[in-house]
Amino acid sequence: YTETADRDFIVDRHSDHPHIVVASPCSGHGFKFSMVTGRLAAQLATSDATPDSFADWRPQFALTKSGADAKPLASEWRD
């Protein structure tokens, strides 16, 4: 089971390597959104447009978050 620290999906270009698209809908819950995350990943991979120009993209999908939304990308937890 995988998830980010804030449980949002990641669909964004790598900031240092913009030709690399990172898409992680994570497990379970994300499976239901695979059509959206897949479409967004394909749009990012085949276009030079900024992510926010795509209708389905949301700021919470960003690989790097700023301001109040800035949290570690992932955290480790164990039972």
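None of these values were measured; they are calculated from a predicted model.
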Looking at V11 and W57, what are the two nearest heavy atoms and their distance?
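Nearest heavy atoms, V11 then W57: O-NE1, 2.7 Å.
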Heavy-atom pair of closest approach, residues T64 and S15
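What the structure gives for the nearest pair is OG1-OG, 4.5 Å.
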Got a donor-acceptor contact below 3.5 angstrom from the [X] side chain to the [Y] backbone?
X   : Y   : answer
R13 : L44 : yes
S53 : T50 : yes
T37 : F33 : yes
D12 : A62 : no

From F9 atom CZ to Q60 atom CD, the distance as rounded to the nearest 0.5 Å
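Here the rounded value is 9.5 Å.
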Just say parallel, tilted or perpendicular for the rings of H14 and H17, cut-offs at 30° and 60°.
tilted
Tell me, do I10 and F61 make a side-chain contact under 4.5 Å, heavy atoms counted?
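No, their side chains stay 4.5 Å or more apart.
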